[in-house]
Amino acid sequence: IAPLLALSEYLPLSDAQRSQLKIWSPQGLFKSLDLKWEGARESPKQYSFKSEFQKLGIKPVGKVPGFSNMSGTLQADEQGGKLKLEGKQATLDMPRVFRHLLNFDDLVATAKWRIKNQRVTFDLEKANFSNAHLSGSVSATYESSPDSAGHLDLNGALTRGDGTAAYQYLPRVVGDDTYLWLKEAVLKGSSDDVRVKVKGNLDRFPFVDDRGGIFQITAKVKDATLRYAPSWPQIEQIQAYLDFHGKRMDITASQGVILGTRLSKVKVLIPDLLIHEGILEIDGEAQGESANFLRFIEESPVAQNIDHFTQPMKAEGSGKLVLSLRLPMLHLQNSRVTGSYQFTANKIWLSTQGPILDQASGKIDFTDASLTIPRITAQALGGPITISANPAPGGVVRVTAGGRFTAGGLQQIYPGALTQRLKGASDWSASIALRKKAANFTLVSNLVGLSSELPYPLAKVAQESMPLKFERRLLDANH
C-alpha cells in the first residue's frame with residue numbers, strides 16, 4: 001500500500017481525505033487495483049474502484065474502526081458497492097464501542113451498500129466468525145442520517161460462548177462497575193444459544209424501556225460458577241436464562257448448588273447497567289441439609305461478625321434457606337445480606353458437651369452482620385424447650401431458653417448416682433451470653449414437681465419449692 005499512499009496526491013481525493021488516509025496508516029497488499037474517474041480530481045462526477053487485497057489493516061480514528069489481517073475484494077462507485085472479506089487471525093478495533101480489541105481466528109463476511117441523496121444504506125448480509133471465546137454469525141442493516149447517528153437493525157447469534165470472557169464483549173455503554181463485576185464473578189460457564197438484537201436510532205441506544213428501539217442479549221447458560229461477592233460461598237452448577245434488555249440485566253436460574261445444597265427460584269438483577277455505581281440484587285431459595293446451612297454461615301462474613309457462634313454446632317435434618325443480597329458492585333465490602341433458614345424435626349447438637357435438641361423446629365434469621373433466632377421449639381432434657389437468640393454488641397449472642405426437664409432426661413445427659421436419686425419433672429429458664437466458645441450462663445428453677453432422695457439438705461418432696469440458681473462466668477474461651 002505504500003506506493004498508493006505516495007500516489008494519493010494524484011487520486012480523486014480531497015485534501016481532508018488525503019490527510020485522513022495518512023492518519024489511518026493503512027497496511028497490507030493490493031493484488032489488483034483498477035481505479036477510474038470522470039471530472040475534477042477533488043470531486044469526480046463518476047468513479048469506479050475495483051481491488052483485491054490481502055492482510056489489509058488501518059488504525060482506528062474517530063468513528064472509523066481499525067482492523068488488521070483482512071483479505072478480500074472490493075467494488076465501489078458513486079452509487080454503492082460490494083465487499084467480500086476473509087480474515088485469518090484478524091482484529092477489529094472499536095475503542096469507542098468496546099473496551100477490548102476483538103480478535104478472530106476466522107472471519108468471513110459479505111456486504112453491500114447504496115448511496116442516494118447523500119445517505120448510505122449498508123447491508124451486512126452475513127458475517128461468520130470464531131475465536132477462542134465464541135463462534136457465531138451476525139447480519140445487519142445500517143442507514144445513515146445527516147442529523148443523527150443513524151438507524152441500525154442487527155441480529156446475531158452465537159453457537160458457542162465462554163462465559164468467563166463475556167466481560168470483554170460488553171459495549172462501553174454498560175457501566176464500569178458491571179464490567180468489573182462480570183470479570184471477577186464469572187468463574188465458569190458457557191452457552192450454545194446466545195441471541196443479540198439491536199434495532200433503532202443509535203442516538204437513543206440502549207433504548208431504555210424499549211423507547212425508540214430495542215437492545216437485547218439473551219443466553220441459555222450452562223454449568224456456570226458465580227463468585228457473586230468476596231468471602232461468600234460461590235454458586236456452582238448454574239443453569240440459567242440471561243437477559244440483557246435496555247439498561248437491565250436479569251438472570252433467572254432454574255438450577256444451582258451452593259455448598260452441596262440445590263438452589264431454586266434464583267434471580268439476579270442489575271436494575272441499571274448505565275449508572276457508575278450499580279447495585280446487584282440476588283434473591284434465591286434452597287432446600288437442603290441443615291449441616292450445609294451451618295457450613296454456609298461459617299464460610300460467610302456472618303461467622304466473624306457473630307464470633308463464630310455456630311462453629312461448635314452440628315445438625316441432622318433439612319430445611320429451607322431464603323437468601324437476599326444487595327451488592328454495590330464497586331464497593332462489595334459494603335454488601336448487605338438478609339436471609340432465613342426454616343427447619344422442622346431436626347436434631348441439633350449445640351456443643352460437644354451440651355444437651356441435644358430433638359425434634360427441633362423453628363427459624364433462624366441472619367444478615368451480613370448478625371444472627372437472630374426468633375423461636376425454636378424442641379425436646380431436650382426429657383421435656384419441651386423453647387429457645388430464642390438476639391445479637392448484642394461485641395459479637396455477643398444473647399440466648400433465652402426455657403422449658404421443662406425430667407429426672408429421666410437429666411439421667412440420660414448426666415448419668416451417675418446424683419441424678420439416679422431424682423424423680424419427676426420441673427420447669428426452668430435460662431439466659432446465656434455467648435461469645436464464640438465462652439459463655440456467661442444463668443439457669444433458675446423452683447424445682448416444684450421434682451422429688452429428691454439425696455441426703456439433707458438436698459432431699460425434697462415433689463410439691464416443695466427449692467429455688468435453684470446456677471451461674472457460670474467465663475472470662476474467655478480458655479477458662
Side-chain angles (χ1 to χ4, degrees), residues 233 257-266 283-300 302-303 306 308-324 337-368 370-392 396-414 425-434 439 441-445 449:
V257 175
I258 186 166
L259 296 178
T261 299
R262 293 209 167 271
L263 297 168
S264 62
K265 300 180 181 179
V266 177
D283 297 282
E285 298 179 3
Q287 295 276 355
E289 296 180 4
S290 296
N292 285 334
F293 169 71
L294 292 176
R295 182 182 167 199
F296 174 84
I297 292 295
E298 191 59 31
E299 294 188 16
S300 75
V302 178
I306 63 172
H308 298 274
F309 162 60
T310 59
Q311 187 180 52
M313 294 184 181
K314 294 195 304 179
E316 291 180 358
S318 61
K320 178 182 178 181
L321 172 68
V322 178
L323 186 63
S324 179
V337 179
T338 58
S340 65
Y341 187 72
Q342 186 92 32
F343 54 94
T344 303
N346 277 219
K347 190 172 187 177
I348 300 174
W349 290 259
L350 296 177
S351 67
T352 56
Q353 298 178 343
I356 300 172
L357 303 183
D358 280 313
Q359 296 299 310
S361 300
K363 182 183 178 185
I364 299 174
D365 296 327
F366 61 92
T367 70
D368 49 281
S370 66
L371 184 144
T372 303
I373 301 175
R375 178 182 170 87
I376 292 177
T377 60
Q379 293 289 315
L381 302 175
I385 181 174
T386 301
I387 300 173
S388 62
N390 291 282
V396 174
V397 177
R398 297 197 180 279
V399 180
T400 302
R404 187 171 181 82
F405 63 81
T406 67
L410 290 175
Q411 290 160 11
Q412 289 181 359
I413 303 299
Y414 307 108
S426 185
D427 295 333
W428 61 274
S429 63
S431 61
I432 308 166
L434 287 171
F441 181 92
T442 302
L443 182 145
V444 296
S445 174

*Step by step, would you call Phe293 with Ile364 a side chain to side chain contact (heavy atoms under 4.5 Å, CB included)?*
CA-CA 10 Å; Phe293 169 71; Ile364 299 174; 4.0 Å; yes
Between atom [atom1] of [X] and atom [atom2] of [Y], what is the distance when rounded to the nearest 0.5 Å?
X      : Y      : atom1 : atom2 : result
Asn292 : Arg262 : CG    : CZ    : 12.0 Å
Thr400 : Ile387 : OG1   : CD1   : 10.5 Å
Ile348 : Ile376 : CD1   : CD1   : 5.0 Å
Asp358 : Glu316 : CG    : CD    : 9.5 Å
Ser370 : Asp365 : OG    : CG    : 9.0 Å

Show the nearest heavy-atom pair for residues [X] and [Y], with the distance to one decimal.
X      : Y      : result
Gln359 : Ala345 : OE1-CB, 3.5 Å
Ile258 : Pro233 : CD1-O, 3.7 Å
Pro374 : Ser388 : O-CB, 3.5 Å
Ala392 : Arg398 : CB-NE, 3.8 Å

*asked:* For Ala291, give me all partners under side-chain contact (heavy atoms from CB on, under 4.5 Å), at least two apart in sequence or on another chain.
replied: none
_According to side-chain contact (heavy atoms from CB on, under 4.5 Å), who are the partners of Ser264, at least two apart in sequence or on a separate chain?_
Glu285
*Using the side chain to side chain contact (heavy atoms under 4.5 Å, CB included) rule, take Arg375 and Thr386 through it: C-alpha gap first, then chi angles, then the decisive distance, then the call.*
CA-CA 7 Å; Arg375 178 182 170 87; Thr386 301; 3.4 Å; yes
*Kindly indicate, with the supporting measurements, whether the criterion side chain to side chain contact (heavy atoms under 4.5 Å, CB included) is fulfilled by Ile413 and Leu381.*
CA-CA 7 Å; Ile413 303 299; Leu381 302 175; 3.9 Å; yes
*asked:* Within the supplied structure, the quantity of interest is the number of heavy atoms (other residues, nucleotides, ligands) at a distance under 6.0 Å from Glu289 CD; does it exceed 12?
replied: no
*asked:* Between Lys320 and Phe343, does the side chain to side chain contact (heavy atoms under 4.5 Å, CB included) criterion hold? Intermediate values first, please.
replied: CA-CA 6 Å; Lys320 178 182 178 181; Phe343 54 94; over 6 Å; no
_Partners meeting salt bridge (Lys or Arg N to Asp or Glu O under 4.0 Å) with Glu299 (sequence neighbours left out)_ = Arg295
*Please identify each residue that fulfils salt bridge (Lys or Arg N to Asp or Glu O under 4.0 Å) with Lys347, with sequence neighbours left out.*
none
Do [X] and [Y] have side-chain heavy atoms sitting under 4.5 Å apart?
X      : Y      : value
Leu263 : Val257 : no
Phe366 : Leu323 : yes
Val302 : Thr367 : no

*What residue pairs, at least two apart or across chains, pass salt bridge (Lys or Arg N to Asp or Glu O under 4.0 Å) with a residue in residues 377-387?*
none
*Under 3.5 Å, side chain of Asn346 to main-chain N/O of Ser361, donor-acceptor pair present?*
no
*Do any N or O atoms from the side chain of Tyr341 and from the backbone of Lys363 form a donor-acceptor pair under 3.5 angstrom?*
no
*asked:* Listing request: all side-chain hydrogen bond (donor to acceptor under 3.5 Å, both in side chains) pairs with a residue in residues 425-434, at least two apart in sequence or in separate chains.
replied: Arg404-Asp427, Ser426-Ser445
